[in-house]
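See structure below.
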Amino acid sequence: MASYSLLPFNFRQLKDDSVLISNLSNIYHILPNQNDLKKLINNISDLDPESIKILERKLFISTTDDFEAKVQLTTSSFTKNIHKDLSSPRLIMIVPTLRCDHHCTYCQVSRVNQDVDGFDLPLSSIPSLIDFIRKIESPPYKIEFQGGEPLLAFEFIKEFYKQMQEAVFVDEFSFVIATSLSLINEDILMWCVGKNINFSTSIDAGKKAHNRHRKLITKDSFERTQKNIQRVDNKLGKGKIGTVTTVTHDGLSGFDELVDTHLALGLSEMFVRPVSSYGFAIPKQAKDITIDEFMAFYKKLIYRIMEENKKGIHIIEHFLFIHFKRLINAKDGMYVDLMAPAGYAKNSMLIDYTGNVFGSDEARMVYRKHGFEDLIIGNINEKNQVLDTTFSENMLVNSFNFDVPGCADCVYQGSCGSDPIYHLQEFGEPIGNKSNSRFCQLHKSVFDFVFELLKDDSNKSVMEGWL
Amino acid sequence: MEGAEKLILHYSKSSISELALRKALYWITDSSAWSLNDLGDLWEVLFEVDDADKKIKYKFERLLNDYVLREILDRHTNDLKQAIVRKSLKDLSI
């Protein structure tokens with residue numbers, strides 16, 4: 001019988017006592033029980049021949065003869081996966097105003113009232129802004145307007161588009177406007193016709209939760225959002241709107257209502273995540289729900305979505321989908337939170353209403369709350385627009401999760417990220433203690449859930465159909 | 001901790017390393033206060049647990065068991081792992 005050697009791998013026991021293993025190629029395999037794990041580690045030849053064959057093919061073990069080749073294959077896949085995270089395109093976010101007509105309980109940026117002066121990027125900064133974007137990124141430029149409520153600065157967006165069109169080819173850039181849609185009107189919609197502009201809007205889990213947390217003076221944010229989604233659809237056609245759902249304690253029973261709302265509006269894509277603790281959301285909502293409570297909600301939501309898809313209704317939940325894509329090494333499985341080295345600064349950059357440049361949206365939230373000056377990478381209005389990346393480089397160096405305590409022996413190491421900005425906020429340093437990190441608990445729970453779903457081939461078909 | 005009970009566990013140094021104990025204890029931080037004491041041939045692990053939390057011993061020993069297995073695995077593969085990581089980073093010129 002051939003003699004086998006182990007190649008490096010990590011493992012994690014799942015709830016049904018099976019054991020998930022993964023290697024540096026980010027290939028996963030499930031062993032039926034702890035006993036097989038012990039056999040694999042202590043004496044490979046005690047495993048059944050079929051298991052040995054599979055483990056060999058998946059680069060967990062090797063015979064002496066092809067040890068060299070398997071090590072080379074592993075090295076090459078490991079390099080390729082890091083390269084993918086290093087080289088994916090950068091999202092440029094612009095905050096044209098911090099003013100907002102909503103007053104959300106979980107607002108992370110401490111928005112200001114819509115009639116306040118001094119919280120807008122002036123039109124005069126647009127040439128510097130475009131110069132800066134062209135300096136740090138190559139086309140196609142993906143630009144997202146964040147707020148506040150960006151539609152309160154619609155003149156800025158219009159002028160920016162005009163000047164961008166003069167600076168680069170029109171098919172070299174696209175916009176996403178992150179908006180509540182409450183201020184959308186005929187003029188804005190007319191202007192958007194024929195342009196590469198999409199909207200990202202919020203629909204929380206159920207009308208009650210939405211109106212309680214997304215506060216408008218008229219107390220009808222949910223109704224307005226629904227009405228305005230239909231207006232956008234009617235004017236610009238379907239597929240122009242993506243939704244983001246922030247799950248709070250009040251929304252924990254709203255999983256069916258959330259799906260029903262999307263289906264009624266003809267929306268086929270959603271992104272659902274728990275309320276976050278970034279920036280100013282901390283005292284208000286951060287510990288509003290535990291990750292266990294979120295996961296109980298989320299599983300019911302996803303099982304409902306699976307059922308809809310099995311009935312032939314195409315609806316995707318992107319938070320789950322991105323975790324699935326990270327597990328299977330999909331080409332477009334890029335998500336800033338789940339990158340190692342981290343996506344901070346290298347895959348996202350944000351310019352706020354003062355012209356300050358940050359490495360991510362979350363970094364500006366942490367800066368607004370804690371005033372941590374090192375998070376400002378530069379300012380677009382400064383001569384030569386020199387970026388100080390010393391701090392960012394240090395953050396990135398500490399974000400290779402094969403080297404991070406708590407991540408180094410995690411089975412999800414090759415699919416997950418280590419999010420230095422989250423841990424900087426929660427623990428005062430970029431690594432943190434993963435044993436009480438909500439980030440760690442959340443993503444591990446979602447990855448576990450993906451494997452729970454994959455046990456059923458019909459769920460697997462649905463997720464593969466989303467690719 | 002008010003109403004807390006002390007749970008004391010002993011492990012022979014010849015069978016359990018300090019590193020395995022510390023790595024397992026790392027994941028207990030959120031559930032319980034703990035201390036690790038050197039008693040010569042033995043390690044003493046002391047938990048302060050709430051009356052309701054009887055599962056801490058099970059959770060800790062399961063973690064510890066995993067870290068003991070990881071130590072065996074590391075003895076076989078750690079040098080290779082480091083070599084693969086070094087080679088990859090070199091290829092990427094990081």
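Since the structure is predicted, the reported quantities are computational estimates derived from the model, not experimental observations. In the text below, chain A, chain B and the rest are named by the order of the sequence lines, each starting its count at 1.
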Exercise for the section: Please lay out, stage by stage, how B/Tyr67 and A/Asp409 fare under the test side chain to side chain contact (heavy atoms under 4.5 Å, CB included). Expected result: CA-CA 9 Å; B/Tyr67 278 108; A/Asp409 45 32; 3.0 Å; yes

Practice task
Show the numbers, then the answer: is there a side chain to side chain contact (heavy atoms under 4.5 Å, CB included) between A/Phe402 and B/Ile84?
Solution key: CA-CA 12 Å; A/Phe402 56 77; B/Ile84 291 171; over 6 Å; no

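At a 4.5 Å heavy-atom cutoff, the contact between A/Asn433 and chain B is made by backbone and side-chain atoms alike. With a 4.5 Å cut-off on non-hydrogen atoms, A/Lys80 does not touch chain B at all. With a 4.5 angstrom heavy-atom cutoff, A/Gln72 does not touch chain B via any of its atoms. Of the two parts of B/Asn65, only the side chain, counted from C-beta on, holds a non-hydrogen atom closer than 4.5 Å to a non-hydrogen atom of chain A. Neither the backbone nor the side chain of A/Leu40 comes within contact range of chain B; no heavy atoms are under 4.5 Å apart. Heavy atoms of A/Leu24 lying under 4.5 Å from chain B belong exclusively to its side chain.
Interatomic distance, A/Asp403 CG to B/Gln82 CD, rounded to the nearest 0.5 Å: 7.5 Å. Here the NZ atom belonging to A/Lys434 is positioned 8.0 Å from the CH2 atom belonging to B/Trp27, to the nearest 0.5 angstrom.
In this structure, the side chain of B/Thr77 does not engage the main chain of A/Leu6 through any donor-acceptor pair within 3.5 Å. Remark: side-chain polar atoms of B/Arg62 are not paired, donor with acceptor, to backbone N or O of A/Gln13 under 3.5 angstrom.
B/His10 NE2: more than 12 foreign heavy atoms inside a 6.0 Å radius. The number of heavy atoms from other shown groups lying within 6.0 Å of CG (B/Asp79) does not exceed 12. More than 12 non-hydrogen atoms from other residues, nucleotides or ligands lie less than 6.0 angstrom from NZ of B/Lys13. Atom CG of A/Asn43 has more than 12 neighbouring heavy atoms from other residues, nucleotides or ligands inside a 6.0 Å radius.
Side chains of B/Leu89 and A/Ile82 form a contact here, defined as non-hydrogen atoms less than 4.5 Å apart. For the pair B/Lys87 and A/Phe78, the minimum side-chain heavy-atom distance is 4.5 Å or more.
Most heavy-atom pairs under 4.5 Å with chain B, from the set A/Arg12, A/Lys38, A/Gln34: that is A/Gln34. For chain A, the option among B/Asp30, B/Ile72, B/Thr29 with the highest count of heavy-atom pairs below 4.5 Å is B/Asp30. Per-residue counts of heavy-atom pairs under 4.5 Å with chain B were compared for A/Asn42, A/Thr74, A/Thr75; the largest is that of A/Thr75.
What you find for B/Lys81 and A/Ala408 is that their closest heavy atoms are NZ-O, 3.6 Å.
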